[in-house]
Protein chains: 2
Amino acid sequence: MRRATMRDVAAAAGVSFKTVSRVVNDEPGVSGPLVDKVQAAVAALGYRHNLAARSLRHSEQRTASMAVLLQDLSNSFSAQLMRAIDDVARERDLVVMATSLDEEEEREHGLVANLIKRRVDGLIMMPASRDHAYLQREVSAGFHVVLIDRPPINVDVDFVVVDNVGGAKQATNHLLQQGHRRIAVITDEVRVATARQRLDGYRTALAEAGVEYDGALVRAARSREAAAEAVQELLASANPPTAVFSARNVITEGTALALRRAGLSDRIAMVGFDDVPWAELLSPGITVIKQDALAVGRLAAELLLSRMEGSTDPPRHQVLPVQLIPRGSGEIQTS
Amino acid sequence: MRRATMRDVAAAAGVSFKTVSRVVNDEPGVSGPLVDKVQAAVAALGYRHNLAARSLRHSEQRTASMAVLLQDLSNSFSAQLMRAIDDVARERDLVVMATSLDEEEEREHGLVANLIKRRVDGLIMMPASRDHAYLQREVSAGFHVVLIDRPPINVDVDFVVVDNVGGAKQATNHLLQQGHRRIAVITDEVRVATARQRLDGYRTALAEAGVEYDGALVRAARSREAAAEAVQELLASANPPTAVFSARNVITEGTALALRRAGLSDRIAMVGFDDVPWAELLSPGITVIKQDALAVGRLAAELLLSRMEGSTDPPRHQVLPVQLIPRGSGEIQTS
DNA sequence: CGCCGATAAGACAACGTTGTCAGGCAAGTG
DNA sequence: CACTTGCCTGACAACGTTGTCTTATCGGCG
């Protein structure tokens, strides 16, 4: 049941195990007949090269692997990031370890420690924690990190984010332009950096338009259901909003659901942050601030790979633009 | 820039490297003062345990890692499978390598070979290939494989699939019951096992109802756009269908899109295979055959883990039921 | 015929760790 | 006081591989 090793192959082929090593690695300096004998023995024994042992001895201690830690792989935004990263990794024959952090700080710490023990070559992470100083020591030791979606805190490493403040401002301004003054906003919990930034953009836009900020119109929700509930409550309140800015994809889903249930899809305006695949299937279509997840993922992967290939540029900070896509829901005028 | 090893830590702490090993592994038999000295040296040097070296020597050659090969991680079905698998793996502290096969047979072969070289403990795969005999040798050598979504061919290993034939029959019967006789079906390409099975179910249901099979109503499409185009063509044909069975999630999306563009969402009936998150947001809502991706993933992961923990049961074949969820689109009567 | 160079093949240490064993020392026992 | 017992500690081989070095073999050439 034990797997065959080079020694076993060598014994079977009647050569030294070093000769097997040469054949397996396609190194020159082995005569034709011996190559054949070794290959026959490899096939007969089902021998498989052991990369762990190889990278242990091999001068350049590379494992040809990287890790991706995202918020939730089943969420379409994370899933698209993963896909884009994987596409880039694939070209370089890198294996990608992936998992979800679920906004759990301790899980992040535990996983990073584990990945370093495995000597993974690099990491792309959408951090759950709010202090990334612990990464400094590992980065100095040659572990490469690129943060994604959220900027690093207390450490300076490569990162790729989108213009959350600008996007939220744009969404809010768009609704203001349709005459709305009571604009609700549903964000992720405030410990999430993007939620804070999008809330910032919302407040800035209101302030610039001279509209007073009303905390009663602000809600946090982690899930589609929680968002739907929050919207339902807002609609039932004494002074309900006439428009909603839903600051994340699952929240947009919940908001659309609540509006539909209330039969107000045509009356209450809404703009969502994150494009969603079904936005144009609804009537009205959902107006969104689209962030290009594939571009974010690809860029992050390229930054990481350049580090793995030896780049020593100072940390690179990439902020990608977002784009408002009007589809109907955001163009509903105040009545 | 080189990472500290146990020897470095030992030198710094003034002990033998074996003592460091004991401390790092929380083994008993090291006096309190020495433990402290070693831990101080570990912290000072930023030492990190090297798991590759460990598992090389460690008697039980486990890497505490597994791999997941799915069709497309950015597709919500694959993403949910991944999520469910990862949740189970997490409980056992397994690292999960994940990637998309994109229905490319060669990619599957290359990846499996690579994963075996890395001595991954197990694999969950939605296979792209149509002959899995090559897995036999690896399984015999102690590599554990669970297939998912599609049954194994020419090899007998654990697998988890859903009742594709039954689901497709159910979908077709449902449409027949509304009086439809010209029911189009859009599937994935026929080389995909699930596409063939769902087409089988469709044909069986027609036959049982005494409705003649019309090849002109059958289309294959790999993407949302291709599906939308196929539906558009069918609608424009001389003898258009009155109902559509869309046999996969992206196809359902494309079908909904095409119907909406043609303004026929309320006239042409449709049932989709795979639930989609936005199905109830539309009007009419989309009637679907729901397969429980999370259950499939969880079950597959549990089968794999039981193998990794030593189960030698004969290969287990799991077929999960599917469920028709009426939401409106499938209940449109023939006019 | 003797020597040299090139080439093929193997011996052996090393990678960073764990498993096994032996040695040292202190405390307990007769 | 000698002997045993038990606990710490370290020396050393081993895991499966690659890198370096040495040895054997052969053909070519003067």
Side-chain angles (χ1 to χ4, degrees), chain A residues 1-39 41-42 45-64 114 116-121 141-142, chain B residues 1-39 41-42 45-64 114 116-121 141-142:
Chain A
M1 255 306 261
R2 193 179 115 272
R3 278 209 106 99
T5 71
M6 281 192 174
R7 291 196 138 79
D8 301 324
V9 175
V15 300
S16 81
F17 70 95
K18 178 66 219 195
T19 298
V20 177
S21 169
R22 283 195 254 262
V23 173
V24 166
N25 288 296
D26 273 325
E27 284 173 21
V30 182
S31 64
L34 273 201
V35 170
D36 293 345
K37 269 211 286 190
V38 169
Q39 284 175 340
V42 163
L45 298 182
Y47 168 78
R48 301 288 176 232
H49 203 178
N50 185 329
L51 287 187
R54 167 180 235 262
S55 80
L56 191 61
R57 182 63 174 100
H58 214 347
S59 24
E60 38 140 4
Q61 300 248 39
R62 289 284 170 86
T63 55
N114 188 340
I116 289 171
K117 286 187 190 169
R118 290 173 187 272
R119 297 295 188 272
V120 158
D121 296 331
Chain B
M1 259 302 264
R2 193 179 115 275
R3 280 207 104 102
T5 71
M6 282 192 174
R7 291 196 139 79
D8 301 323
V9 175
V15 300
S16 81
F17 70 94
K18 178 66 219 194
T19 298
V20 177
S21 168
R22 282 195 257 261
V23 173
V24 166
N25 288 295
D26 274 324
E27 283 175 20
V30 181
S31 65
L34 272 203
V35 171
D36 293 345
K37 269 210 286 190
V38 169
Q39 284 175 341
V42 163
L45 299 182
Y47 168 77
R48 302 287 175 229
H49 204 178
N50 185 330
L51 287 187
R54 166 179 236 263
S55 79
L56 191 61
R57 182 62 174 102
H58 213 11
S59 22
E60 38 141 3
Q61 300 246 41
R62 289 284 170 85
T63 55
N114 189 342
I116 288 171
K117 286 188 192 170
R118 291 173 186 272
R119 297 296 188 272
V120 158
D121 296 331

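Proteins get letters first, then strands, A, B, ... in listed order; numbering begins at 1 in each.
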> A:His49 versus A:Met6: any side-chain heavy-atom pair under 4.5 Å?
Replying inline: yes
Got a list of protein N/O to nucleotides 14-16 of chain C N/O distances below 3.5 Å?
unit_1 : atom_1 : unit_2  : atom_2 : d
C:dA14 : N3     : A:Arg57 : NE     : 2.5
C:dC15 : O2     : A:Arg57 : N      : 3.4

>> Restricting to side chain to side chain donor-acceptor pair (under 3.5 Å), what partner residues turn up for B:Arg119, sequence neighbours left out?
In response: none
> Whole-Å distance between D:dC7 P and B:Leu34 CG?
Replying inline: 17 Å
>> Heavy atoms within less than 4.0 Å of DNA chain C: which residues of residues 16-31 of chain B have one? Give them sorted by number.
In response: B:Phe17, B:Lys18, B:Ser21, B:Asn25
>> Could you check whether any side-chain N or O of B:Asp121 sits under 3.5 Å from a backbone N or O of B:Thr63, counting only pairs where one atom can act as donor and the other as acceptor?
In response: yes
> Considering residues at least two apart in sequence or located in another chain, which fulfil the side chain to side chain donor-acceptor pair (under 3.5 Å) criterion with A:Asn50?
Replying inline: none
Report all side-chain donor-acceptor pairs from residues 19-38 of chain B shorter than 3.5 Å, counting only partners two or more places apart or in another chain.
unit_1  : atom_1 : unit_2  : atom_2 : d
B:Thr19 : OG1    : B:Ser16 : OG     : 3.4
B:Asn25 : OD1    : B:Arg54 : NH2    : 3.0
B:Asn25 : ND2    : B:Ser21 : O      : 2.9

> Roughly how far, to the nearest 0.5 Å, is the CZ atom of A:Arg3 from the OH atom of A:Tyr47?
Replying inline: 10.0 Å
>> Among residues at least two apart in sequence or on other chains, which ones pass side-chain contact (heavy atoms from CB on, under 4.5 Å) with B:Ala64?
In response: A:Arg118, B:Leu94
Could you run down the sub-3.5 Å N/O contacts of the protein with nucleotides 26-28 of chain D?
none

>> Test: salt bridge (charged side-chain N to carboxylate O under 4.0 Å, His left out). Region: residues 8-17 of chain B. Which pairs qualify, not counting sequence neighbours?
In response: B:Arg2-B:Asp8
> At what angle, to 10 degrees, do the two end axes of the helix from C:dC1-D:dG30 to C:dG30-D:dC1 meet, given five pairs define each axis?
Replying inline: 70°
